[in-house]
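Only one structure is covered here, and it is reproduced in the block below.
Since the model is a prediction, treat every value here as computed from it, not as a measurement. Values below: every heavy atom of this structure, side chains too, minus hydrogens, waters and symmetry copies.
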Amino acid sequence: MKLIVGLGNPGREYSATRHNAGFLVVDELARRWNCQNWKNKSNAQIVEFRGEEQILLVKPQTYMNLSGTSVGELARWYKVDCEDIIVVFDDLDLPVGRLRLRMKGGSGGHRGIQSLLTHLSKDTFARVRLGIGRPPAGWEVADYVLSRFTVEEEPLVEQAISQAADAVESIIKVGLTKTMNMFNK
């Protein structure tokens, strides 16, 4: 089994914000795979997909900074190794619409990833980072990540969401190393 985790914040007011890039990619995968029966478990919205292997799409409902509590609980319940978890999340250090995939590492200051590292006790989960860019001069980071994409950024974001979903599908089919070679440019 694989867990595909999109990081974000619950609630309508956050639904289209930069910090919810992970949720947007998981929603795209659910659309592609025709997954509609979302359930609540372990403070997350989950839906199961059965392809060549069982996949659980996960959107923690704990708010970003506590995502690890939900994901850790699900990983233990379903007995999923860290190496079978793929996490999709926003990244301030990448330009809007840019992707970067990697395995292992620290949080890079991302509090959702820090929570995962704390609750999974390992750093060996795959990461699909979706660029949201840096805040403009005078903006606080917290306000920026909770803002919506501009009209000019929306086409880049839509393309990046599709590419991130492609990358997740590729990781499932051919593994992270080959996928990183295809997507990390």
Side-chain angles (χ1 to χ4, degrees), residues 1-10 14-15 19-91 99-108 110-130 160-180 182-184:
M1 175 181 246
K2 295 217 183 302
L3 294 185
I4 312 301
V5 178
L7 296 186
N9 287 313
Y14 301 112
S15 64
H19 225 16
N20 274 34
F23 278 13
L24 297 172
V25 173
V26 166
D27 287 341
E28 171 61 15
L29 289 165
R31 185 195 64 74
R32 289 181 182 190
W33 299 342
N34 197 29
C35 298
Q36 301 171 3
N37 297 320
W38 289 91
K39 298 174 186 162
N40 293 313
K41 182 177 179 85
S42 301
N43 285 317
Q45 288 184 343
I46 63 170
V47 67
E48 196 173 315
F49 174 71
R50 291 189 184 264
E52 291 180 22
E53 66 181 305
Q54 189 178 4
I55 297 170
L56 194 67
L57 296 175
V58 178
K59 296 192 298 185
Q61 300 297 291
T62 55
Y63 290 93
M64 180 68 78
N65 297 354
L66 300 174
S67 298
T69 58
S70 174
V71 176
E73 192 174 309
L74 288 167
R76 286 185 294 280
W77 174 262
Y78 287 100
K79 296 175 176 59
V80 176
D81 291 329
C82 244
E83 294 77 15
D84 290 319
I85 299 174
I86 302 168
V87 181
V88 185
F89 61 100
D90 61 292
D91 191 324
L99 295 182
R100 178 74 59 206
L101 283 61
R102 68 184 290 202
M103 176 67 85
K104 296 179 89 172
S107 68
H110 195 288
R111 291 188 178 147
I113 296 298
Q114 184 57 53
S115 180
L116 287 169
L117 291 169
T118 299
H119 291 277
L120 293 174
S121 301
K122 284 181 155 182
D123 68 347
T124 54
F125 50 89
R127 298 137 197 246
V128 178
R129 299 164 33 207
L130 199 142
I161 289 167
S162 180
Q163 287 177 337
D166 292 345
V168 169
E169 290 178 325
S170 178
I171 293 168
I172 293 166
K173 289 178 185 159
V174 302
L176 181 60
T177 302
K178 286 184 181 178
T179 302
M180 285 179 10
M182 292 186 289
F183 285 85
N184 286 345

Would you kindly say whether D90 and H19 are connected by a side-chain donor-acceptor distance under 3.5 Å? yes
First locate atom CD of E48, then atom CD1 of I55, and finally report the distance between them rounded to the nearest 0.5 Å. 10.0 Å
Nearest heavy-atom approach of G8 to F23 is N-CE1, 3.4 Å
So which atom in F49 and which in C35 form the shortest heavy-atom distance, rounded to 0.1 Å? CB-SG, 3.7 Å
Side-chain donor or acceptor of T179 paired with backbone N/O of G175 under 3.5 Å: yes
Residue pair K2 / E53: nearest heavy atoms and the distance that separates them: CE-OE2, 3.5 Å
Just grab all the salt bridge (charged side-chain N to carboxylate O under 4.0 Å, His left out) pairs involving residues 115-124, residues at least two apart or on different chains. E83-K122
Is E52 atom CD crowded by more than 12 heavy atoms from other residues, nucleotides or ligands, each under 6.0 Å away? no
Check: K59 main-chain N/O paired with Q61 side-chain donor or acceptor under 3.5 Å: yes
Do side-chain atoms of S67 reach the backbone of P60 as a donor and acceptor pair under 3.5 angstrom? no
With respect to R129, which candidate in D91, L101, L99 satisfies the side chain to side chain contact (heavy atoms under 4.5 Å, CB included) definition? D91
Donor-acceptor pair, distance only, cut-off 3.5 Å: does the side chain of S107 make one with the backbone of Q114? no
May I ask you to decide if S70's main-chain N or O and N43's side chain share a donor-acceptor pair within less than 3.5 Å? no
For a quick test of reading the model, state the closest non-hydrogen atom pair linking L176 to A126 and the distance between them. CD2-CB, 4.0 Å
Can you name the one residue among V5, I4, T124, V58 that meets side chain to side chain contact (heavy atoms under 4.5 Å, CB included) with I85? V5
Mind checking salt bridge (Lys or Arg N to Asp or Glu O under 4.0 Å) for E28 and listing every partner two or more places apart, or none if nothing turns up? R31, R32
Under the criterion side-chain contact (heavy atoms from CB on, under 4.5 Å), I'd like the reasoning laid out for L3 against D84: C-alpha separation, chi angles, the key distance, then a yes or no. CA-CA 6 Å; L3 294 185; D84 290 319; over 6 Å; no
Side chains of F89 and L130: closer than 4.5 Å at any heavy-atom pair? no
Flag this pair as yes if the NZ/CZ of R76 is under 6.0 angstrom from the six-membered ring centre of Y78 and inside a 45 degree cone about the axis; otherwise no. no
List the residues meeting side-chain hydrogen bond (donor to acceptor under 3.5 Å, both in side chains) with N34, not counting sequence neighbours, and say none if there are none. Q36
Within 6.0 Å of NZ in K41, more than 12 heavy atoms from elsewhere: yes
If only atom types and distance count, is the side chain of N9 paired as donor or acceptor with the main-chain N or O of M64 below 3.5 Å? yes
